[in-house]
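Here is the structure we will look at.
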Amino acid sequence: MSNEPVLQAKNLSKRFEMEDKRILTAVDDVSLNLYKGKTLGIVGESGCGKSTFARMLVQLDQPSDGEILYRGKNIQNLKGKDLWENRRHIQMVFQDPLASFNPRMKVREIICEPLLNYKLIKKSEKNAVAARYLKMVELPEDFMERYPHALSGGQRQRVNIARALALEPEIIICDEATCALDVSCQDTIVQLLVRLQEQKNLAMGFICHDVALVSSLAHDVAVMYLGNVVEKLPGEDLVNKVRHPYTKALIDAIFDLKMDFSKKIEAIEGETPSPLNAPQGCPFQDRCPECMAICKEQKPLLQTIDEGHLVACHLEVN
Amino acid sequence: MISRNLLVSRILQIVIVLFGVSFITFLLTYLAPGDPVTAMYEAVGIVPTDEMVATAKSQMGLDQPFLVQYFIWLSNCLRGDLGTSFSQHLTVIDLLKKNLGATLKLAFLSLFLTILTAVPLGIISAVRQDKLSDYFIRSLSFIGISLPGFWIGLMLLYVFAYKLNLVPVISSGGGLEKMILPAVTLAIAMSSKYTRQVRTAFLEELSHDYVIGARTRGVSEARILWRHILPNAMLPLITLLGLSLGSLLGGTVVVEMIFSYPGLGKLAVEAVSARDYPLIQGIVLWIALIYMLINLAVDISYSYIDPRIRKKGAV
Amino acid sequence: SSSETETGEKTQLNVATELFSDTLDPAVAWDSWFVMRWGAGETLVKFADDFSFEPWLAESWDVAEDNLTWTFKLQEGVKFSNGDAMTATKVVESIEKLYADTAVENGGTGNPQSYFTYSSITADDAANTVTIVTTEPVPDLPGCMAYPWMLITNVDESRDLTTQGPICTGPYVIESMTPDTEVTLVKNENYWDGQVPFETVSILKVEEPSTRTLALQDGSADMALSISAADRETLESEGGYEISVVPGSRTGFAHPNLNGQLGNDTLRQAVLMAIDGETIADVTTNGSYTYGYAVVSSGLDFGYDELTYKFSYDPEAAAKLLDDAGMVDSDGDGIRELDGQNIILDYKVTASRQMNVIAEAQAAQLAEIGIQANVSITESQSDVLKNGTFDLCASNDVTTPTGDPAKFLGYWYSKGERNYSSYSNAEYDAIYEKLIVEFDTEARKGYITQLQQILLDDAMPVVYGYYNYNLCSTDAITGAYCPTSDFYWVTKDIKPAE
Amino acid sequence: MKNVIAILKQNPKFFGYCLLALGIILIAVMAPLLAPYDPYSAELVNALQKPSAEHLMGTDLLGRDYLSRIIYGTRASVSSALILVALIFSIGSLIGILAGYFGGWLDTVLMRLADIMIAFPDLILAIAIAGILGPSTTNAIIAITIVSWTRYARLSRSLVLKIRHTDYLAAATLTGSKTGHLIGRYLAPNTLPTLIITAATDIGSVMLQMASLSFLGFGAQPPMPEWGYMLSEGRTYLQSAPWLLVFPGLAIFVVVVVFNLLGDSLRDVLDPQRELNISKKRLFGKAKRNEIEENRCIVCDRDFSGGDA
Amino acid sequence: MIEVSNLKIQYANRRPVVEDFNLSVKAGQIVSIVGESGSGKSTVLRALLGALPENGKVTAGDIRFEGESILGYSKKEWQQYRGKKTAMIFQDSGAMLNPIRKIGSQIVEYLRLHEKLSKDEAWEKGKEALSMVRLPDSDNTMKAYPFELSGGMRQRVGIAMAMALNPGLLLADEPTAALDVTTQAQIVRLMLELMEKQDAGIVMVTHNLGVAAYMSDYILVMQNGKIVESGKAMEIVQNPQSDYTRTLIETVPRLGGKRYV
Ligand SMILES: Nc1ncnc2c1ncn2[C@@H]1O[C@H](COP(=O)(O)OP(=O)(O)OP(=O)(O)O)[C@@H](O)[C@H]1O
Ligand SMILES: Nc1ncnc2c1ncn2[C@@H]1O[C@H](COP(=O)(O)OP(=O)(O)OP(=O)(O)O)[C@@H](O)[C@H]1O
Ligand SMILES: [Mg+2]
Ligand SMILES: [Mg+2]
């Protein structure tokens with residue numbers, strides 16, 4: 001990419017210790033970058049570590065290994081006031097729009113809270129500020145008087161976005177921000193996000209398990225499997241340039257309205273292994289139709305195979 | 001079926017808590033005004049001279065610093081010697097043993113009565129939610145919860161023993177008839193509470209998806225109730241029953257006092273009144289131990305009944 | 001139930017009592033009382049209801065000229081329950097063991113020693129006599145020998161007295177005991193003094209007075225002790241009960257602490273005048289006490305009728321007395337002040353024998369004349385007395401443990417150890433010193449009367465009255481009655497009704 | 001204020017119970033006006049009179065008017081129960097919120113302490129404390145506080161832990177809210193309703209506990225009119241003067257019922273889940289959600305002496 | 001097989017949530033119902049199973065199963081009808097099983113409820129059903145508890161149970177909504193295979209238009225309790241008539257479709 005990344009995750013890992021002392025590796029040595037004005041999409045199945053990765057990026061959790069650089073500065077060990085100062089640059093939109101609001105706060109308080117926290121506005125300005133942000137996310141002004149439970153899912157998600165943008169962050173991470181919504185609602189939210197990104201030149205992380213949706217808005221897409229990034233490629237290449245067997249399987253499993261309805265659905269067999277006992281070697285080995293001997297022993301590394309296209313697969317050794 | 005590590009760590013936890021309990025009890029009695037030596041002489045009807053007090057104190061090690069005293073007591077305790085009661089001329093262990101039987105009997109009888117009434121009533125109440133019978137049962141249990149236990153006891157005594165002459169007021173046999181009124185008194189309060197809880201547990205289970213599943217599979221209502229819901233609903237109740245049993249075994253002070261029932265609770269009140277410190281210590285420690293062992297037993301049994309817990313190996 | 005044979009004849013006696021002992025060892029505390037009350041133990045001498053001495057295991061006794069040497073002639077043919085004969089040697093062993101066990105050096109109570117000490121005690125088996133030489137003159141030695149801990153036991157060192165109890169001579173033999181709960185006795189097959197009426201006796205501890213009443217009513221107890229006056233009335237009106245109430249030898253009273261505010265004579269007098277002792281005894285305790293102002297019971301022959309009392313109930317006069325002495329309520333909080341201090345009396349009581357109720361009634365009356373009394377129940381009454389942490393401390397004492405109240409009157413002997421009031425009156429001390437060495441009964445009575453009068457004049461102490469023992473029995477049995485001495489409950493004379 | 005009125009209007013049941021509870025408190029406050037006699041004034045000759053026109057509830061042993069004593073007894077019972085609940089509520093909740101929020105060693109220490117306190121036999125510990133400190137209402141309150149705070153500590157801690165993992169707390173942290181703000185704006189308002197409901201339902205049971213202690217002689221002392229103690233005094237007269245037992249027992253019962261009802265209806269008013277629950281739909285739907293929640297928060301650690309409160 | 005005519009359903013006495021609903025399914029046909037949230041899709045399914053919540057009521061119209069109206073069924077007939085003639089697959093079939101009883105025992109209970117079988121026979125038949133849905137180790141699965149299986153496996157158990165007795169009609173309420181895409185594909189494939197074998201009629205509710213289009217013969221589009229469009233799957237997808245259907249189809253994100261950036 002041409003410009004410098006605003007946020008870099010370098011070899012991030014996150015391990016949880018279970019009650020019975022076993023180790024769960026949720027994120028395993030992931031390196032990804034976010035650029036100004038660009039969207040990084042992350043796809044993968046449930047439990048593959050997307051949210052854990054996102055929470056580390058926004059400093060809600062501490063990584064077990066690796067570092068996070070904001071504008072080249074390591075921010076992962078920030079504490080107290082520095083951490084607080086730094087927070088305003090990186091914001092997040094959560095998946096479940098209702099769960100991410102205090103049920104006892106009105107929309108006005110919700111939107112103004114970040115600004116008040118950083119003393120960017122006075123209490124008396126709350127109405128005006130709330131109105132401005134509601135307008136930005138295309139909601140009528142009088143919504144500021146409502147409680148979150150009195151909004152529809154799409155409306156809530158707009159408020160959620162307004163809150164995340166209130167601090168004018170440079171980076172915004174959306175963790176399955178549209179998944180709880182039905183398709184038409186999802187569509188308008190995505191349009192809104194994309195427009196705001198353009199307006200404010202945001203760096204955006206967009207996490208979702210819907211490959212089609214991610215491909216439609218992300219400049220770059222990383223595919224995660226069992227805590228690992230197995231493939232990373234430009235969004236438009238998802239249609240026809242994917243190389244990793246898992247990515248292929250993902251794409252094959254999509255039911256598309258324009259698909260060939262007579263075609264037999266090709267589904268890979270088996271279940272995703274538990275991150276508690278991830279296999280040695282390639283994480284995808286159990287389900288891979290083209291599994292080789294080496295895959296059971298050695299973990300493939302991410303390699304660049306094309307401009308902006310990285311794959312972690314032994315098939316790609318050339 | 002539970003992992004040994006977890007069992008060990010639970011037992012370790014019990015030991016730590018017992019340690020804390022004994023320390024706090026010891027501290028309490030240490031800080032208490034009035035001194036145990038005088039209390040001991042008192043108990044046998046002597047007003048000791050200062051000299052007697054001093055000698056006895058040094059004999060009993062009571063002139064030592066607090067921590068030293070505690071560790072002496074603790075090491076005796078670890079050797080199974082809880083000391084001798086000041087007021088009752090028996091070793092604390094003997095006294096505990098003596099009162100335990102009566103308490104055990106009463107505890108189990110009242111628990112039995114409780115289950116016998118609360119489970120059917122609770123189920124009826126849940127199944128017939130918002131019907132007349134539900135309101136009736138709920139009102140009854142509400143009344144039961146709001147009545148002071150000792151008052152119920154006194155009234156039962158008045159009505160059944162005196163007015164109706166159905167139960168002997170006292171009996172030398174120590175048999176069932178002696179326990180019946182105290183047990184009923186305890187059971188009234190407890191089953192009022194449990195009826196509510198059984199009802200809640202059933203309602204909760206009734207709202208679970210597996211009930212819907214069973215219905216869509218054509219399983220009959222009766223079968224759903226007894227074979228599906230009951231075992232599930234028992235899970236939370238077992239914990240509560242364990243807790244109740246724990247406190248019942250710890251003695252049911254008021255009821256024991258009213259019915260002159262020679263259990264641990266009565267022993268405890270007498271020990272407190274007589275400032276019988278070794279006995280107080282013994283009782284408290286003992287009850288704490290029982291309480292935690294029962295808790296452990298509940299957890300273990302829980303893990304046997306609930307596969308979700310068993311399979312995860314959590315105790 | 002189990003108390004009847006197939007022919008319907010009653011074979012078990014059931015007794016309900018509030019008082020109980022923890023052990024069966026006569027050397028421990030007051031536990032000997034119970035061994036005796038339950039019909040297991042007997043002493044050489046027995047009290048008649050007028051506190052005269054009657055022979056029991058001893059046939060007769062006399063004292064030598066030196067006033068120190070006492071000779072007891074034993075009853076012939078007495079056997080212990082295990083069949084051993086009660087010889088003079090056995091009696092001596094028994095007494096020696098008691099003295100050894102209770103010696104303070106051995107960790108004992110020291111109680112018998114405080115009654116008398118002996119320099120020698122010898123047995124003459126041939127003559128069947130026991131000779132005791134006391135270290136000091138003890139005029140009431142026969143009374144001391146009637147005291148429960150003197151019960152005669154067949155000494156057997158291998159026996160665990162605490163749980164098995166001693167081997168005695170009474171009509172019943174202790175079979176088992178659950179401390180604080182229940183004692184079972186069985187017939188003594190070797191009883192020396194006639195037929196034993198019941199096969200078994202069951203004594204149950206029943207703390208609640210009302211439960212004891214219920215037990216009588218539903219027949220689960222044949223006799224019960226200390227039935228509340230209110231319940232006695234109920235029983236009486238129901239009929240079918242033998243209710244025996246006697247003005248006992250116990251006096252209920254409160255020690256005033258003269259080191260506190262009550263050291264003020266006027267205040268003490270006013271306190272006495274503010275209290276309507278008669279109503280309290282008759283109404284509040286419902287006749288559990290018989291009112292009297294002297295420390296020794298009016299029912300006993302110690303000169304009550306000769307005494308004069310100046311502080312009878314008269315609240316107006318009491319108030320005036322206080323007004324005149326300048327003890328007025330100057331700060332308007334309803335409480336009078338003495339030397340600028342509110343008069344607040346710390347009134348310690350125990351809950352036994354209705355003393356708490358009496359104290360509360362008194363407190364209510366004192367409040368009327370502007371004196372506050374805070375009644376609190378204490379379990380360690382002797383601690384309170386010894387440490388002087390009281391203004392008034394209730395006490396309920398047997399005044400005549402050995403036949404006359406000489407020991408009891410030691411409470412106000414300023415050189416005595418038990419002068420808890422810190423009372424001091426030289427005249428009193430002088431007479432008291434004469435009393436304790438006087439052997440002549442009439443002379444003793446004279447001294448006792450004088451001592452009482454001195455106390456009355458000095459407004460000492462606050463007397464509640466004399467506690468009436470009571471024992472109620474159903475018509476299933478006969479012969480149960482309440483002795484004045486409080487020592488004998490189950491006797492050979494209690495029989496199933498015809 | 002408008003809110004309060006609105007809430008009351010929407011919940012007529014709750015309003016009713018509030019009035020009843022207020023009535024009880026009024027009786028306590030206005031006891032001197034309501035009581036026909038001085039509750040302390042003893043007319044010894046009038047002892048143990050049956051209920052009559054002159055003395056509606058009869059007289060006690062010292063000839064004191066029983067009705068007046070019952071009326072004055074409201075003071076002792078209600079005030080000590082309210083004080084107690086306030087104490088255990090504030091101490092317990094504070095400890096629980098701190099432990100839950102800060103976690104780490106603070107949590108470990110506090111919760112171990114709570115474990116220890118829970119392992120104590122509660123009524124016996126209360127008796128021991130009251131016995132050792134000497135019997136009085138204050139000491140009884142201290143004793144019950146010492147044994148009861150754990151209930152609130154555990155409850156509030158679990159509530160805090162639940163909230164700690166919610167997205168909205170994460171969002172608040174992310175948007176720069178500081179600890180004080182989080183506790184004041186998020187943790188407190190979202191835990192307090194449940195805690196308050198629990199406290200309201202607790203008033204009744206605490207009252208029973210106090211009465212038990214007094215009944216055993218470890219609480220209120222004479223001549224203070226207190227129902228538990230009055231019962232204890234009266235039980236000697238079970239047969240001859242049963243009214244001495246009946247009236248204080250009924251008084252306790254009525255007050256406990258009112259406060260229990262108040263607590264139950266408060267649950268309906270404050271239930272934070274209510275809006276969500278109503279929208280919950282289920283197949284064969286039978287159970288009402290808020291009823292299921294009923295008790296759940298009261299089913300705390302253990303019950304007081306096996307239910308013989 | 002099943003004929004629904006002019007169905008109207010009301011909860012309590014509120015506005016009807018389903019009105020003028022018509023549906024006809026023949027053996028071997030799959031009919032999908034799609035539409036916005038709250039439009040009454042699940043309500044219809046429940047009505048077909050005679051399992052409306054207590055406050056719900058069919059106030060007009062008729063439901064005929066094999067020619068017979070099911071609305072007048074007795075309790076006994078309902079029990080026969082549910083599970084034997086019809087079966088239901090849920091969004092999370094695992095949750096529909098008793099969490100503390102083994103899967104095998106619940107299958108055995110179910111089979112013996114509707115057919116005269118010994119325990120062993122039922123066990124064998126249960127195993128057969130499980131292997132039919134390609135659960136690798138059917139013996140182990142029978143002995144497992146629901147929580148021990150992954151979402152996909154549980155869904156397969158649900159399908160196996162639903163199909164075990166060869167019901168004439170299968171009702172499926174969002175059978176793949178809780179699953180990952182790869183698992184969803186597995187389940188879809190499985191359902192189609194089994195359909196071919198057993199020749200049952202299926203009524204399926206789904207949010208996923210792609211799945212609906214791929215699987216079904218007919219699609220019903222619902223909005224606000226009313227059918228806004230119905231017809232052959234292909235026609236609806238390729239040539240939607242109503243505006244609502246059109247926006248629905250347009251907004252579904254597609255790989256290689258519209259890009260926002
Ligand atoms: N706090 C935690 N403690 C233990 N394990 C955790 C924790 N948080 C997440 N995990 C585990 O880490 C793994 C990755 O979880 P994560 O939430 O990141 O997945 P995800 O990709 O976001 O899944 P989904 O699409 O379902 O949201 C999962 O197996 C999860 O169970
Ligand atoms: N038990 C009930 N009582 C009252 N109204 C109900 C009940 N169950 C459902 N409803 C209402 O009926 C309407 C239809 O609900 P239904 O569940 O059938 O919708 P749906 O199309 O399945 O929605 P979704 O796609 O979200 O599952 C909704 O408005 C819902 O709120
Ligand atoms: Mg996630
Ligand atoms: Mg639905």
Side-chain angles (χ1 to χ4, degrees), chain A residues 37-39 43-48 153 178 181-188 190-191 193-195 197-198 208-219 235-236 238-240 246 249-272 274 287, chain E residues 34-39 134-136 149-154 156 176-193 206-217 219 233-234 236-238 240 244 246-261:
Chain A
K38 302 279 183 211
T39 303
V43 294
E45 285 176 324
S46 177
C48 70
T178 59
L181 309 174
D182 60 34
V183 274
S184 53
C185 214
Q186 175 174 309
D187 178 64
T188 55
V190 169
Q191 285 181 19
L193 273 174
V194 169
R195 203 173 51 250
Q197 174 180 38
E198 274 163 13
C208 187
H209 55 242
D210 186 340
V211 185
L213 178 63
V214 171
S215 78
S216 69
L217 67 93
H219 301 89
E236 58 263 12
L238 265 177
V239 191
N240 44 24
Y246 173 65
L250 260 189
I251 288 174
D252 279 346
I254 297 175
F255 291 89
D256 194 337
L257 287 174
K258 298 264 160 64
M259 71 198 279
D260 174 6
F261 290 115
S262 57
K263 159 187 115 179
K264 241 186 140 47
I265 269 285
E266 292 299 332
I268 45 164
E269 285 305 321
E271 315 284 329
T272 319
S274 147
R287 302 173 74 191
Chain E
V34 298
E36 66 181 2
S37 194
S39 56
R134 271 190 272 136
L135 276 166
L149 306 179
S150 73
M153 287 162 85
R154 292 201 299 217
R156 273 184 265 184
T176 62
L179 305 173
D180 286 327
V181 272
T182 54
T183 326
Q184 169 174 297
Q186 288 171 10
I187 297 292
V188 167
R189 198 169 67 170
L190 188 74
M191 283 177 70
L192 287 173
E193 280 172 15
T206 178
H207 269 129
N208 192 323
L209 269 176
V211 170
Y214 183 80
M215 284 180 75
S216 33
D217 302 303
I219 292 182
M234 276 316 117
I236 298 236
V237 171
Q238 278 156 8
Y244 177 68
R246 210 169 300 128
T247 39
L248 207 59
I249 289 172
E250 267 169 21
T251 50
V252 177
R254 276 190 322 110
L255 205 56
K258 154 179 155 195
R259 271 182 69 79
Y260 299 92
V261 289

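Computed from heavy atoms alone, side chains included, the values below leave out hydrogens, waters and symmetry copies. By convention in this document, chain letters (A, B, ...) are assigned in the order of the sequence lines, proteins followed by strands, and residues within each chain are numbered from 1.
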Contacts of E:T247 that satisfy side-chain hydrogen bond (donor to acceptor under 3.5 Å, both in side chains) - sequence neighbours left out: none

What's the spacing between E:Q186 CD and E:R156 CZ if we round to 0.5 Å? 5.0 Å

Which region of A:R287, side chain (C-beta onward) or backbone (N, CA, C, O), has a non-hydrogen atom less than 4.5 Å from a non-hydrogen atom of chain E, or is it both or neither? side chain

Under the rule for side-chain hydrogen bond (donor to acceptor under 3.5 Å, both in side chains), what residues qualify as partners of E:S216, not counting sequence neighbours? E:S32

Do E:Y214 side-chain atoms and A:D256 backbone N/O form a donor-acceptor pair below 3.5 Å? no

Could you tell me which portion of E:V211 (side chain, backbone, both or neither) has an atom closer than 4.5 angstrom to a non-hydrogen atom of chain A? both

Would you mind checking which part of E:R254 comes under 4.5 Å of any heavy atom in chain A, side chain (CB onward), backbone (N, CA, C, O), both or neither? both

Among the listed options E:R189, E:Q184, E:Q238, E:E250, the residue most often paired with chain A at heavy-atom distances under 4.5 Å: E:R189

Determine whether a donor-acceptor pair (N or O, by modelled atom type, separation under 3.5 Å) exists between the side chain of A:D187 and the backbone of E:T251. no

Region of A:L217 that comes under 4.5 Å of a non-hydrogen atom in chain E: both

So, A:H209 side chain and A:E45 main chain: donor-acceptor pair closer than 3.5 Å or not? no

A:N240 versus chain E, heavy atoms under 4.5 Å apart: side chain, backbone, both or neither? neither

With a 4.5 Å cut-off on heavy-atom pairs, point out which of E:T183, E:N208, E:V188, E:L248 contacts chain A the most. E:V188

To the nearest 0.5 Å, what is the distance between CD1 (A:I251) and CG (E:L255)? 5.0 Å

Run the side-chain contact (heavy atoms from CB on, under 4.5 Å) check on A:D210 and A:Q186 step by step: do they pass? CA-CA 12 Å; A:D210 186 340; A:Q186 175 174 309; 4.2 Å; yes

E:M234 versus chain A, the contacting section by heavy-atom distance below 4.5 Å: side chain

Heavy atoms only, distances under 4.5 angstrom: which of A:A253, A:A212, A:S216 has the most pairs with chain E? Name it, please. A:S216

Honestly, the part of E:L179 sitting under 4.5 Å from a heavy atom of chain A is neither

With a 4.5 angstrom heavy-atom cut-off, is it the side chain or the backbone of A:V211 that approaches chain E, or both, or neither? both

